[in-house]
Amino acid sequence: MPELPEVETIKNGLVPFLEGAKIKNVSLSSYRLRFEYPEGFKQYLIGASFNKLKRRAKYIIGELDNDNSVIIHLGMSGRITLMGNGHSLTFDDYVYQTGAKTVHDHVTIDLETTKGEEFKLIYNDPRRFGLWDLVKTDEIEKSKHFAHLGPEPLEDDFDGKALLERIGKKAAPIKLALLNQEIIVGLGNIYVCEALYMSHIHPERPANSLSQKEADLLVKNIKEVLNVAIGAGGSTLNDFRHADGNLGGFQERFLAYDREGADCPDKKCGGKIERIVQGGRSTFFCPKCQK
DNA sequence: CTGTACTCCTGGGGGC
DNA sequence: TGCCCCCAGGAGTACA
């Protein structure tokens, strides 16, 4: 799925269109997503306007003017497209696009901006691992989606000390600990691999074996890789693009992720990137410089 | 407590 | 061309 940087970029891209916009109509496909839509989903939405858009972990939160908030998680393959005025803009670029078919359009929202311009928001999700929910705005933090979530990695007060506190005595491999949203939110398979590579930390190291110094470096690199990715995506999403939805410039060049067999980017290292499986998911790392 | 296996799904790509 | 198998950026649950 979209990890924190992608969700942040999408949220930021939606802000100028959605904040203040009024929901004129909502239509749903006949498929359910990860969960059923909540009772009265459409009724709460239609006629409401969006106040603020926020991000928490990998969720987009759309605060409405009726004390409810829309909670959106993109799962593995969720994409959001805005269409209006003969143009469309798709906020994805990180997920395969060729398979996009309207048969997987599950949520369509007709909107009207404060200036009276009409447009549609379309949520497309082939694998349907995403979710849309409705939560009382003042109960978001204790809702089932958010109650167990760990700290935001980009918060100023999140540092190596805070990470070690969250890890506690956990002997699980550091790779899996970082994917655990109860310990730290927003990281997924890609950025965990990248941050561990940058920090020269072996993904199979027990989480509780990290020194304070290693944790400091790891957190510094987590922030770095997330901020670079947000910076790369953020600048491309300012306006509607033409109908092919091509944003460009959002391609990541990964150091370790998906580079099995490639030379370690550090020429002085001379190692080769390897792929192993942890928790049923691929881990890419350099066994020579990650200790 | 741990770790693992499996679940929800579709689609792309490689091998044959 | 097709078929089969593996893989995919998430995350919850069940079970030993």
A:Ile276-A:Ile273 co-clustered via ILVMFWY side chain contacts under 4.5 Å: no
Ring pair (Phe, Tyr, Trp, His ring centres under 6.0 Å) partners for A:Phe284, two or more places apart: A:Tyr257
side-chain N/O A:Ser282 vs C:dA8 OP1/OP2, d < 4.0 Å: yes
Side-chain-base donor-acceptor pair under 3.5 Å for A:Arg127 and C:dA8: yes
Touch class at under 4.0 angstrom, heavy-atom based, for A:Tyr31 against every strand present: nothing
Rounded interatomic separation in angstrom, taking CD from A:Glu6 and C1' from C:dA8: 14 Å
Shared-cluster residues of A:Leu217, by chain and number - hydrophobic side chains joined below 4.5 Å: none
By side chain to side chain donor-acceptor pair (under 3.5 Å) - contacts of A:Lys120 (at least two apart): A:Asp110
Nearest-angstrom distance from the residue atom CZ of A:Phe35 to P of B:dC9: 13 Å
Length of the line joining A:Arg32:CZ and C:dG12:C1', which is rounded to integer Å: 12 Å
A:His73 NE2 - B:dC9 C1' separation (whole Å): 15 Å
Interatomic distance where CZ belongs to A:Phe146 and P belongs to C:dA11 [whole Å]: 11 Å
Pairwise P distance for B:dC6 and C:dC6, with rounding to whole Å: 13 Å
Touch class at under 4.0 angstrom, heavy-atom based, for A:His106 against every strand present: nothing
Identify each atom pair where a protein N or O and an N or O of nucleotides 3-7 of chain B are less than 3.5 Å apart, giving names and distance.
residue : atom : partner  : partner atom : Å
B:dG3   : OP1  : A:Ala172 : N            : 3.3

Presence of A:His145 side-chain N/O under 4.0 Å of C:dA11 phosphate oxygens OP1/OP2: no
Stems formed with participation of DNA chain C [Watson-Crick or G-U wobble, under 3.5 Å, three or more pairs]: B:2-8 with C:10-16, B:10-16 with C:2-8
Side-chain N,O (A:Lys58) to OP1/OP2 (C:dA11) below 4.0 Å: yes
Selected nucleotide, minimal atom distance to A:His104 side chain, candidates C:dA8, C:dA11, B:dG11: B:dG11
Euclidean distance for P, C:dG2 against B:dC9 (whole angstrom): 26 Å
Protein-nucleotide distance (A:Leu33, atom CG; B:dC9, atom C1'), rounded to Å: 11 Å
Name the atoms and distances for all side-chain donor-acceptor pairs under 3.5 Å in residues 180-188 of chain A, with sequence neighbours left out.
residue  : atom : partner  : partner atom : Å
A:Asn180 : OD1  : A:Glu182 : N            : 2.9
A:Gln181 : OE1  : A:Gly186 : N            : 2.9
A:Gln181 : NE2  : A:Leu179 : O            : 3.1
A:Gln181 : NE2  : A:Leu187 : O            : 3.0

Aromatic ring pairing A:Tyr123/A:His106, orientation class (parallel under 30°, perpendicular over 60°, tilted between): tilted
hydrophobic_cluster_shared for A:Tyr37 and A:Tyr31, side chain cutoff 4.5 Å: no
Summary of side-chain hydrogen bond (donor to acceptor under 3.5 Å, both in side chains) pairs that have at least one residue in residues 15-27 of chain A, sequence neighbours excluded: A:Lys24-A:Glu112
Atom-pair distance (CG on A:Asn189; P on C:dA11), nearest Å: 11 Å
Sugar-phosphate, base or nothing in reach of A:Gly188, heavy atoms under 4.0 Å: sugar-phosphate
Results of side chain to side chain donor-acceptor pair (under 3.5 Å) for A:Arg56 - residues two or more places apart only: A:Glu152
Gap between atoms CZ and P, on A:Arg79 and B:dG11 respectively (whole Å): 12 Å
Donor-acceptor pairs under 3.5 angstrom involving side-chain atoms of residues 138-146 of chain A: please list them, not counting sequence neighbours.
residue  : atom : partner  : partner atom : Å
A:Ser143 : OG   : A:Ile140 : O            : 2.8
A:His145 : NE2  : A:Asp133 : OD2          : 2.8

Where at least one partner belongs to residues 164-179 of chain A, residue pairs that pass side-chain hydrogen bond (donor to acceptor under 3.5 Å, both in side chains), sequence neighbours excluded: A:Lys161-A:Glu165, A:Lys175-A:Asn189, A:Lys175-A:Thr283
Less than 3.5 Å apart, which donor and acceptor atoms pair up between the side chains of residues 261-272 of chain A and the rest of the protein, not counting sequence neighbours?
residue  : atom : partner  : partner atom : Å
A:Asp263 : OD1  : A:Lys272 : NZ           : 2.8
A:Asp266 : OD1  : A:Lys268 : N            : 3.0

Members of residues 128-135 of chain A that approach DNA chain B, where some heavy atom sits under 4.0 Å away: A:Arg128, A:Phe129
